[in-house]
Amino acid sequence: MPAFQHSITSSAPSPTAIAVPPSLSLPVIEAAFPRQLHPYWPRLQERTRTWLLEKRLMPPDAVAEYADGLCYTDLMAGYYLEAPDEVLQAIADFSAWFFVWDDRHDRDIVHHRPAAWRRLRRRLHSALDAPRVHLHHEDPLVAAFADTLTRLYSYLPPTWNARFTRHFHDVIEAYDREFRNRVEGVVPPVQEYLALRRLTFAHWIWTDLLEAAAGRELPDPVRKHSSYRRAALLSQEFAAWYNDLCSLPKEIAGDEVHNLGISLIHHEGLTLEEAIREMQRLVAKCVDAFLVAEADALQFALGLDDGTARGKELSAAVRTCVRNMRNWFSAVYWFHHESGRYQVDSWDDRSTPPYVNNEAAGEK
């Protein structure tokens with residue numbers, strides 16, 4: 001199934017591209033965030049599909065039936081628009097791996113496999129610290145992770161690699177906290193959930209990868225500047241919260257405990273309808289706040305051009321990163337309405353995605 005079955009082109013969707021449900025519609029995204037797609041996308045989709053097969057991350061029949069329709073490459077091709085083809089390919093493969101890992105994590109919980117999860121957690125931490133040692137690991141998920149890391153680590157200096165590594169160690173540990181919460185039936189309070197969500201959604205990983213796409217590591221004073229950091233955080237918060245809004249039916253069906261709507265219902269006493277309205281309000285507020293933060297970040301970027309070659313290059317890199325932050329809004333928005341990952345009404349079992357592998361893996 002083609003990923004762009006609704007007349008989407010490499011520049012922007014047609015006005016009648018797809019009908020978005022009213023509860024999920026954000027006219028500001030459709031009007032103010034024109035969708036674009038990296039020209040490498042058709043090749044990207046083909047090569048990531050091949051990579052999934054070569055790395056044995058999905059069975060061949062699942063790749064053939066579902067991979068394109070899951071639109072994982074579309075998401076990245078709509079985000080890191082100014083990345084070189086090779087870098088975008090590495091990011092897209094890493095993103096596809098991340099979705100498969102998320103599904104493995106979910107299946108280990110659903111099928112009561114805590115020992116398998118603990119083993120995978122240890123292996124991922126080890127692969128993160130020494131990816132080349134794990135390129136031929138017996139667990140395909142670990143080997144594929146190592147493959148993406150060796151490629152991503154080749155683009156920027158060791159200082160960037162160390163930061164990315166540190167950030168992803170935090171992501172793995174957040175997934176472990178989520179595992180324990182789900183096993184124990186613990187629904188985190190709203191603020192605790194939002195803090196955990198920044199890690200399980202990997203906010204700072206996707207933000208780090210903006211630098212890989214721009215071809216330059218940003219110095220700490222630039223990366224941590226309030227203007228840049230706020231725009232980056234808001235772009236990721238939008239994605240995480242909109243994901244929660246779109247995946248709420250799927251996660252209620254699957255007895256999930258990690259969703260902003262579920263936390264609002266459980267801890268704030270809201271009804272389902274009230275929780276949805278509050279999530280809609282928060283998502284819309286996030287978009288509005290980004291438009292202000294984006295202008296501040298671009299002004300900050302312009303000020304970095306001090307007339308020197310270094311200042312000019314740094315200013316250009318920051319502007320590239322901020323432009324790609326903007327791309328994240330439309331990429332995330334349309335992904336949720338095109339990807340088979342969220343089409344729960346079409347599944348035989350609303351709690352079980354048809355593309356997942358329910359078997360335990362890496363048990364040798």
Side-chain angles (χ1 to χ4, degrees), residues 1-20 29-30 33-103 144-145 147-148 150-152 154-155 205-206 209-210 212-215 239 243 246 320-321 323-343 346 353-355:
M1 178 173 70
F4 283 82
Q5 57 179 328
H6 302 286
S7 302
I8 304 297
T9 71
S10 62
S11 57
S14 70
T16 57
I18 190 169
V20 179
I29 297 295
E30 299 180 30
F33 292 79
R35 188 183 189 185
Q36 300 179 75
L37 200 62
H38 198 290
Y40 180 64
W41 171 76
R43 182 69 173 141
L44 181 73
Q45 184 185 53
E46 176 188 340
R47 291 190 65 179
T48 294
R49 190 191 317 123
T50 299
W51 185 80
L52 288 167
L53 284 170
E54 290 177 347
K55 298 302 177 183
R56 298 180 292 125
L57 289 178
M58 294 174 67
D61 57 342
V63 172
E65 186 170 358
Y66 299 112
D68 288 357
L70 290 170
C71 301
Y72 296 159
T73 56
D74 308 41
L75 180 63
M76 294 298 109
Y79 183 13
Y80 299 101
L81 271 177
E82 299 182 53
D85 294 355
E86 180 186 34
V87 176
L88 181 61
Q89 186 67 63
I91 293 173
D93 291 348
F94 170 76
S95 173
W97 173 88
F98 202 116
F99 280 112
V100 176
W101 175 47
D102 186 74
D103 292 334
F145 182 49
D147 176 76
T148 63
T150 58
R151 291 152 65 194
L152 291 172
S154 70
Y155 302 125
I205 290 297
W206 307 117
L209 289 169
L210 289 169
N243 175 269
C246 293
T320 296
C321 290
R323 284 195 297 268
N324 282 335
M325 290 175 199
R326 161 174 275 271
N327 295 336
W328 196 218
F329 286 82
S330 57
V332 164
Y333 182 76
W334 292 110
F335 169 71
H336 281 87
H337 304 300
E338 293 169 352
S339 174
R341 194 172 179 87
Y342 304 99
Q343 310 304 318
S346 67
Y355 50 83

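Quick caveat: nothing in here was measured; it's all calculated off a predicted structure. Numbers here are sequence positions counted from 1. Computation of the quantities below employed the complete heavy-atom set of this structure, encompassing side-chain atoms and omitting hydrogens, waters and symmetry-equivalent molecules.
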Nearest heavy atoms of [X] and [Y], plus distance in Å:
X: Tyr80; Y: Ala213; result: CD2-CB, 3.7 Å
X: Ser330; Y: Pro34; result: OG-O, 3.9 Å
X: Ala212; Y: Val87; result: O-CG1, 3.7 Å
X: Asp74; Y: Leu37; result: O-CD1, 3.9 Å
X: Ala96; Y: Thr48; result: CB-CG2, 4.0 Å
X: Leu44; Y: Ala77; result: CD2-CB, 3.9 Å

[X] [atom1] to [Y] [atom2] distance, which is reported to the nearest 0.5 Å:
X: Phe98; Y: Phe145; atom1: CZ; atom2: CZ; answer: 9.0 Å
X: Asn327; Y: Gln36; atom1: CG; atom2: CD; answer: 6.0 Å
X: Ile91; Y: Thr73; atom1: CD1; atom2: OG1; answer: 13.5 Å
X: Gln45; Y: Thr50; atom1: CD; atom2: OG1; answer: 10.5 Å
X: Ser339; Y: Asp68; atom1: OG; atom2: CG; answer: 11.5 Å

Side-chain contact, heavy-atom cut-off 4.5 Å: [X] with [Y]?
X: Pro84; Y: Tyr40; result: no
X: Arg341; Y: Tyr66; result: no
X: Tyr155; Y: Glu86; result: yes
X: Arg151; Y: Phe94; result: no
X: Leu57; Y: Phe99; result: no
X: Trp41; Y: Leu88; result: no

With sequence neighbours left out, the residues meeting side chain to side chain donor-acceptor pair (under 3.5 Å) with Glu30 are Tyr333
Residues two or more places apart in sequence or in another chain: which of them pass side chain to side chain donor-acceptor pair (under 3.5 Å) with Glu54? none
Could you walk me through whether Asp93 and Lys55 satisfy the salt bridge (charged side-chain N to carboxylate O under 4.0 Å, His left out) test, starting with their C-alpha distance in whole Å, then the side-chain angles of each, then the deciding distance to 0.1 Å, before giving a yes or no? CA-CA 10 Å; Asp93 291 348; Lys55 298 302 177 183; over 6 Å; no
We want to know whether Thr320 and Arg323 form a side-chain donor-acceptor pair, criterion being a heavy-atom distance below 3.5 angstrom.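 Per modelled atom types, Thr320 and Arg323 side chains form a pair under 3.5 Å.
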With a sphere of 6.0 Å drawn around CZ of Arg56, does it hold more than 12 non-hydrogen atoms of other residues, nucleotides or ligands?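 Incorrect, the count does not exceed 12.
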For the pair Phe335 and Trp328, evaluate ring-ring contact (aromatic ring centres under 6.0 Å, His included) and give the outcome as yes or no after the intermediate values. CA-CA 10 Å; Phe335 169 71; Trp328 196 218; 8.6 Å; no
Under the side-chain contact (heavy atoms from CB on, under 4.5 Å) criterion, do Trp51 and Thr148 qualify, and how do the steps go? CA-CA 11 Å; Trp51 185 80; Thr148 63; 3.5 Å; yes
Using a strict 4.0 Å threshold on nitrogen-to-oxygen distance, state whether Asp85 and Arg47 make a salt bridge. no
Could you walk me through whether Glu46 and Arg43 pass salt bridge (charged side-chain N to carboxylate O under 4.0 Å, His left out), step by step? CA-CA 5 Å; Glu46 176 188 340; Arg43 182 69 173 141; 2.9 Å; yes
Audit row: Val332, Ile29, side-chain contact (heavy atoms from CB on, under 4.5 Å) steps and yes/no: CA-CA 10 Å; Val332 164; Ile29 297 295; over 6 Å; no
Check the angle between the aromatic planes of Trp97 and Trp101 and answer parallel, tilted or perpendicular using the 30° and 60° thresholds.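 Geometry flag for Trp101 against Trp97: parallel rings.
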